[in-house]
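In what follows, a single structure is set out as C-alpha cells and then discussed.
Residue numbers start at 1 and run along the sequence shown. All values below come from the heavy atoms of this structure, side chains included, with hydrogens, waters and symmetry mates left out.
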Amino acid sequence: MLTIRNEAKSDYQAVEALTRRAFYNLYVPGCHEHYLVHVMRDHPDFVPDLDFVLELDGNLIGSILYTRSTLTGEAGERREILTFGPVCIAPEYQRRGYGKRLIGHSLERAAALGWEAVVIFGSPANYVGLGFQSCKRRLVRAEDGSFPAAMLVRELRPRALDGGPWTYRESPVMRFDGEAALRFDAGLPPMEKRVLPSQEEFYILSGSVLR
C-alpha cells in the first residue's frame with residue numbers, strides 16, 4: 001500500500017537519515033542535504049502544508065519539502081512562489097515512479113492552496129515529464145541575469161508567469177553554513193565518502209547556462 005501524508009515530528013530523524021542515504025556521494029563526496037532538511041523546518045520560509053513523506057507498506061521511502069521563494073519583475077513588483085527540495089526516494093526504490101507520484105501529489109496540493117508557480121534546480125531529464133520547462137522559456141532568470149540550464153519552472157496556474165522577465169531569489173535557508181553541515185554529519189553514523197561519475201555530471205550541469 002502506498003501512502004502520501006504530511007510529515008510528523010516523529011518522522012524527523014527518519015527523514016533526515018533517508019535524505020542522507022539518498023544524496024550521499026551523489027553530487028559531491030558526502031552530502032549536505034540532510035543538514036538542510038534539519039534546519040529548514042524552523043525557517044520562516046518553510047511551508048509545513050507541503051511537507052510530505054511517502055510510505056510503502058508502512059515503511060518511509062520518500063520525502064519532499066517546500067520553501068517560499070520570490071520573483072521580481074523589471075518594475076520592482078514582487079511575487080511569492082515556491083521552490084521544492086530536497087526531494088528524495090530511498091535508493092533501493094528509485095526509478096520505479098515513486099518520486100513522480102510524490103512530486104505530482106505535492107504540486108496538486110500546492111495548486112489547491114493557491115500557489116501559482118514553482119522554480120527548482122535539477123536535471124531536466126528528471127522533471128520535464130512533470131511539466132517543468134526551461135527557465136528561459138518563461139523568462140525567469142537568476143540574480144546575475146543568466147538562465148541556468150538546471151533552473152526549471154512550472155506554472156500551477158495558466159499564464160501565471162506572463163509579464164516577465166522575472167528575477168528568481170531562493171530562500172536564505174538555502175545558503176546554509178557549510179562548516180555547520182560538516183559538523184552535523186560528523187555526529188552521525190559514518191558513511192564512506194566516494195568520488196563517483198554522477199559528481200562530474202552535476203559539476204557540468206550546475207555550471208551550464210543557456211544563451
Side-chain angles (χ1 to χ4, degrees), residues 1-8 11-12 14-23 26-27 33-34 36-37 40-41 45-71 79-138 140 148-162 166 168 170-171 173-174 198 202 205:
M1 179 180 293
L2 190 68
T3 303
I4 298 175
R5 60 171 176 79
N6 285 112
E7 182 188 40
D11 299 315
Y12 284 5
V15 167
E16 291 166 21
L18 170 66
T19 305
R20 186 185 189 222
R21 205 158 58 85
F23 282 98
L26 182 61
Y27 300 138
E33 283 81 0
H34 55 307
L36 177 57
V37 170
M40 181 182 289
R41 301 185 188 100
D45 288 334
F46 178 61
V47 185
D49 286 343
L50 297 175
D51 175 14
F52 293 106
V53 296
L54 184 150
E55 292 180 325
L56 180 64
D57 297 329
N59 297 313
L60 194 152
I61 67 164
S63 166
I64 189 169
L65 300 92
Y66 279 75
T67 50
R68 295 174 180 86
S69 49
T70 62
L71 295 178
R79 300 176 62 180
E80 195 169 78
I81 61 162
L82 291 168
T83 297
F84 68 64
V87 55
C88 66
I89 298 294
E92 62 270 25
Y93 290 102
Q94 292 175 6
R95 306 299 176 188
R96 301 188 189 182
Y98 294 123
K100 183 177 182 179
R101 292 277 296 274
L102 180 59
I103 295 169
H105 176 89
S106 69
L107 292 173
E108 288 178 6
R109 182 59 181 156
L113 290 172
W115 292 96
E116 296 187 336
V118 180
V119 174
I120 63 168
F121 285 84
S123 171
N126 293 334
Y127 294 105
V128 294
L130 288 164
F132 283 85
Q133 296 178 294
S134 163
C135 61
K136 191 169 185 179
R137 288 193 184 276
R138 308 309 302 166
V140 176
M151 193 161 85
L152 308 172
V153 178
R154 190 183 193 279
E155 291 181 324
L156 300 177
R157 178 181 63 79
R159 308 192 67 175
L161 297 179
D162 285 2
W166 303 96
Y168 169 74
E170 65 186 5
S171 169
V173 75
M174 298 296 182
S198 60
F202 172 74
L205 182 60

From CA spacing to verdict: side-chain hydrogen bond (donor to acceptor under 3.5 Å, both in side chains), Y66, S106
CA-CA 9 Å; Y66 279 75; S106 69; 2.7 Å; yes
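- Rounded to the nearest 0.5 Å, atoms CD1 (I120) and CG (L130) are 8.5 Å apart.
- Remark: T3 OG1 to E55 CD distance equals 6.0 Å, nearest 0.5 Å.
- Separation of atoms OH (Y27) and CG (L205) is listed at 9.0 Å; rounding is to 0.5 Å.
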Applying salt bridge (Lys or Arg N to Asp or Glu O under 4.0 Å) to D162 and R138, what does each step give before you reach the verdict?
CA-CA 8 Å; D162 285 2; R138 308 309 302 166; 3.7 Å; yes
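- Residue L50 comes nearest to R109 through the heavy atom pair CD2-CG, 3.7 Å, listed as atom of the first residue, atom of the second, then distance.
- L71 contributes atom CG, which lies 6.5 Å from atom CG of L161 (distance to the nearest 0.5 angstrom).
- Panel note: side chain Q94, backbone I89; a donor-acceptor pair is recorded below 3.5 Å.
- In this structure, V119 and V153 approach most closely via the heavy-atom pair CG2-CG2, 4.0 Å.
- In terms of modelled atom types and a separation under 3.5 Å, the side chain of E116 and the main chain of A160 share no donor-acceptor contact.
- In this pair, F84 and Y127 present their aromatic rings tilted. The plane angle is within the 30 to 60° band.
- Between A149 and P124, the shortest heavy-atom distance links the atoms O-CG, 3.8 Å.
- Checked by atom type and distance alone, the side chain of R154 never pairs as donor or acceptor with a backbone atom of L107 at under 3.5 Å.
- The pair E16-R41 meets the salt-bridge criterion, since a charged nitrogen lies less than 4.0 angstrom from a carboxylate oxygen.
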In sequence, state the C-alpha distance, the side-chain angles, and the governing distance for L36 and M174, and then conclude on side-chain contact (heavy atoms from CB on, under 4.5 Å).
CA-CA 7 Å; L36 177 57; M174 298 296 182; 3.8 Å; yes
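- Checked against a 6.0 Å centroid threshold, the rings of F52 and H105 count as neighbours.
- Heavy-atom neighbours of R157 CZ from other residues, nucleotides or ligands within 6.0 Å: above the threshold of 12.
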Walk me through whether T70 and Y168 qualify under side-chain contact (heavy atoms from CB on, under 4.5 Å).
CA-CA 6 Å; T70 62; Y168 169 74; over 6 Å; no
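- Classification of R20 and E33 as a salt-bridged pair fails, no side-chain N sitting under 4.0 Å from a carboxylate O.
- Considering all non-hydrogen atoms of both residues, S198 and L26 come closest at OG-O, 2.7 Å.
- Ion pairing between R21 and E92 holds under the 4.0 Å rule for side-chain N and carboxylate O.
- How far CG of N126 is from CD1 of I103: 8.0 Å, rounded to the nearest 0.5 Å.
- The pair D51-R5 does not count as a salt bridge, with every side-chain nitrogen at least 4.0 angstrom from each carboxylate oxygen.
- T67 and S171 form no side-chain donor-acceptor contact under 3.5 Å, judged by distance and modelled atom types alone.
- Of the inter-residue distances, the one linking F23 atom CZ with L18 atom CG reads 9.0 Å to the nearest 0.5 angstrom.
- Heavy atoms only, all atoms of each residue included: N6 and D49 are closest at ND2-O, 3.3 Å.
- E80 contributes no side-chain N or O that, together with a main-chain N or O of S69, makes up a donor-acceptor pair within less than 3.5 Å.
- Across every non-hydrogen atom of C135 and P148, the tightest pair is SG-O, 3.5 Å.
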